[in-house]
4 protein chains.
Amino acid sequence: MSGKAGTYRYVSTKERIDMAALHLFAERGFKGTTIKDIAKVVGITEGAIYRHYKSKEEIVENLIDRVIKDLGKRLSDAVAKGKNLTEKIKLAVDTLITYAFEKPDCFRYLNIYHLFKKSPKDKDRRFPGKILMGLFKEAYRAGVIAVKPELALCITVGTVERLFIFNEIGLISKGDRSFMGEVEDSILRAIGIKNGVISKNIAL
Amino acid sequence: MSGKAGTYRYVSTKERIDMAALHLFAERGFKGTTIKDIAKVVGITEGAIYRHYKSKEEIVENLIDRVIKDLGKRLSDAVAKGKNLTEKIKLAVDTLITYAFEKPDCFRYLNIYHLFKKSPKDKDRRFPGKILMGLFKEAYRAGVIAVKPELALCITVGTVERLFIFNEIGLISKGDRSFMGEVEDSILRAIGIKNGVISKNIAL
Amino acid sequence: MSGKAGTYRYVSTKERIDMAALHLFAERGFKGTTIKDIAKVVGITEGAIYRHYKSKEEIVENLIDRVIKDLGKRLSDAVAKGKNLTEKIKLAVDTLITYAFEKPDCFRYLNIYHLFKKSPKDKDRRFPGKILMGLFKEAYRAGVIAVKPELALCITVGTVERLFIFNEIGLISKGDRSFMGEVEDSILRAIGIKNGVISKNIAL
Amino acid sequence: MSGKAGTYRYVSTKERIDMAALHLFAERGFKGTTIKDIAKVVGITEGAIYRHYKSKEEIVENLIDRVIKDLGKRLSDAVAKGKNLTEKIKLAVDTLITYAFEKPDCFRYLNIYHLFKKSPKDKDRRFPGKILMGLFKEAYRAGVIAVKPELALCITVGTVERLFIFNEIGLISKGDRSFMGEVEDSILRAIGIKNGVISKNIAL
DNA sequence: GATGAATGAGCATTCATTCAT
DNA sequence: CATGAATGAATGCTCATTCAT
């Protein structure tokens, strides 16, 4: 989950626990993953896990924090970079798609977490969805998008999610970059982006 | 999921097990639901469950069969009813949205099932996604929709799914019928429906 | 377990329960056989068994009674038929061997029963072993056999038992009648029968 | 079954599980013995058993391996020690009798195991019976014994087994050493040992 | 930091037995 | 007589967690 390319020699045990847990949780769910499973992947024993975390729940929560913070920052950065609302939205959508395919475990984990756990309020503040929602609300008020912000969020997040799942199943191929462009276009078209730049590229 | 409309006095134990299991599985997942949980909801003991099903797995599989058959039939019917491709698509999308909000447990169950279980091939034949995919493929070849069929499927299913989740969280309110119309419009716009008939019936 | 040849149309359910239970108990043991197993073989449901027996234990005990009575009678008859002690012993050994191969389930049941259940005292009176023991005691006192009666019983019963097991495994073939004769000779020789009649027929 | 003679302070939990399981299995059979029973005797909880064995079946198989190896070695050693076939047979029979009374649980376990489980082929190679059978086959060919090897095995093993059972019931007393000699004599006489050496050492 | 034995609660499943029909 | 649903206690096994080493 380091995200940074480059060589390093040592990865702390805690980090390795995180990586193993993230992958297993994403694949088998929380109840379907045991402490022993995680320990086996890391190459330590069950008891050793408890040197780093005081419960399974803590691993789960720590991971979701990291994932939310990670994606949250990327989205914030993207939004900050855009010169106008249209560009901000475009960059945000792009970020979301890129994130899903670059860090599939994280993306899958995020989805599973929200499917089964009721996200505590304090976490919501940094929740990626909030950032997008804020962006869409502003865009809606400004008349930049045609649909209500909640719907814009549904379309964006939902489409990317399904895209990701279909890619996992092998129904579509992520290598297909032109397809990714098409995805973006469709999403933007669906939310009714009115900006000329967009409308030039995408036939409305 | 009883199938029969109208009033009835008696619901068989098996049916009550199905209803309880569907609800619990949808809410807590498969591993998060115990046989005891199901039995408690039904009002019988654990052992009695095994008079009707020979394993927990059998309940899971029986339920997904029912849900797939149910939604599959609704979609088939909807597609059959449409006079042309555009209308077929519209009716299918409408059916999906209606289904999600009318039978939330079923819809949620379907999503969870595909998230963790690899659907056996023979089940796929009736899988609702296949019906939509077939429809979108035909529409794409006929030039009725602008985006590739896989993408059309992602947008449709993904958006409805998110919509459903946001509704559950309370982010949007399903009572808002005009919003539902807006959803349909957005989806249709996203997949690039080109037919004029649509634009007449549905305010774009 | 009727033992009588001849045609009959109807076998009572209770009799069929007995036959099924005898076979299953002999093959899988008491704990390894369930009421459902028995019911399935008979072709009735579990509950129906309780019309005929009030517990599993009762089936077990009823069966052992029948088997003990059956073999006991055969042995008594054999002993009664012999004109002298030597002949009585010969006939008894013959009866035991014949019984083991003619009614393997009964013989196996008898062995298993005594391996795990402590035979109640009142049953002992009719216990086949008692008859043989009585015979050997008398023969020992009369100087007809060379070894102590307990040992004579061990040799006789033990050898037949092993013979039976080896036959089941396929190590020996019961069809081999000359072998059976050899068995008898060996047993008689082992217990040190001193009578001339015997020594004539059987090469010592 | 510890193998090591002399005093020791500590017996590993696994060894204690083995001892407890051996005893209980021998007494109540496999199905009649629960993991909880074993744990209770050892003084640990059920879960702890699974730290040492991954299933009840594994305990059963591990035990039979140990018993077979143990008795197998004793018999091999005995056979190796004998200077001629007659002496080898005598020593083997002696070993078997001694084993049965010295390690009653092991002996009983061996019998029960073969009564209900079909011994896998690879285990047979070391199976005690095979050693005796080999010995008897050779002796039969050499004309040292009068009866067929299979029958010799039946008599030997069967008699010892019954002797053991009668001792358990209290019908005979193992303390009676002269009786044991008598047993040996009878077995040897039954299989028709012809060698003079035997008749010298053992009073016929 | 790490090990691995142990705990104790829990889980899916089985089974003898009961009982309303 | 027979059915089959239901009970309730058990059974083999799992798992998060603790703890002595």
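All values below were derived from every heavy atom in this structure, side-chain atoms included, with hydrogens, water molecules and symmetry-related copies excluded. Order of the sequence lines sets the chain letters (A, B, ...), proteins ahead of strands, with each chain counted from 1.
A straight line from CD1 of C:Ile38 to C1' of E:dT17 spans 14 Å, rounded to a whole angstrom. As a whole-Å value, the separation of D:Lys54 NZ from F:dC13 P is 11 Å. One can place CZ of D:Arg28 at 14 Å from C1' of F:dT11, the figure rounded to the nearest angstrom. Following rounding to the nearest Å, B:Lys14 (NZ) and F:dA6 (P) show an atom-to-atom distance of 12 Å. Between the OH atom of C:Tyr53 and the P atom of E:dC15 there is a distance of 21 Å, rounded to whole Å. Distance, D:Ile17 CD1 to E:dG4 P: 16 Å, rounded to whole Å. As rounded to whole Å, 18 Å separates atom P of E:dC11 from atom CD of B:Glu57. To the nearest angstrom, P of E:dA2 lies 19 Å from NZ of A:Lys40.
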- request: With side-chain contact (heavy atoms from CB on, under 4.5 Å) as the test, would you mind laying out the steps for A:Asp105 and A:Phe25 before giving the verdict?
  value: CA-CA 9 Å; A:Asp105 281 345; A:Phe25 285 151; over 6 Å; no
query: When you look at C:Asp70 and C:Lys103, which way does the side-chain contact (heavy atoms from CB on, under 4.5 Å) test go after all the steps?
result: CA-CA 11 Å; C:Asp70 183 25; C:Lys103 298 194 169 182; 2.8 Å; yes
- prompt: Going through the distances and angles, do B:Thr13 and B:Ile17 end up as a side-chain contact (heavy atoms from CB on, under 4.5 Å)?
  reply: CA-CA 6 Å; B:Thr13 300; B:Ile17 291 171; 4.0 Å; yes
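B:Ile64 contributes atom CD1, which lies 14.0 Å from atom CD1 of B:Ile59 (distance to the nearest 0.5 angstrom).
Ionic pairing of A:Lys14 and A:Glu58 is not present here: no N-O contact between side-chain nitrogen and carboxylate oxygen is shorter than 4.0 angstrom.
When the side-chain nitrogen and oxygen atoms of D:Thr13 are compared with OP1 and OP2 of E:dA6, one or more of them lie within a distance under 4.0 Å. For F:dG4, the OP1/OP2 oxygens have no side-chain nitrogen or oxygen of B:His52 closer than 4.0 Å.
At a threshold of 4.0 angstrom between heavy atoms, the contacts of D:Ser12 with the nucleic acid are absent.
Contact record, D:Val42 with D:Arg16: O-NH2, 2.9 Å, taken as the closest heavy-atom pair. Across all non-hydrogen atoms, the minimal contact from D:Lys56 to D:Thr33 is NZ-O, 2.8 Å.
Nearer the 5' end of DNA chain E, as judged by each residue's closest nucleotide, is the contact made by A:Arg51, out of B:Lys31 and A:Arg51. Nearer the 5' end of DNA chain E, as judged by each residue's closest nucleotide, is the contact made by B:Lys36, out of B:Lys36 and C:Asp37.
With a 3.5 Å ceiling on both atom-pair distances, the Watson-Crick or G-U wobble partner of F:dT3 is E:dA20.
Nearest to the side-chain atoms of B:Thr34 among the listed nucleotides E:dC11, F:dA16, F:dG12 stands E:dC11. Which of E:dA12, E:dT18, F:dT17 sits closest to the side chain of C:Tyr50 comes down to E:dT18.
Taken residue by residue, residues 42-49 of chain C places heavy atoms nearer than 4.0 Å to DNA chain F at C:Ile44, C:Thr45, C:Gly47, C:Ala48.
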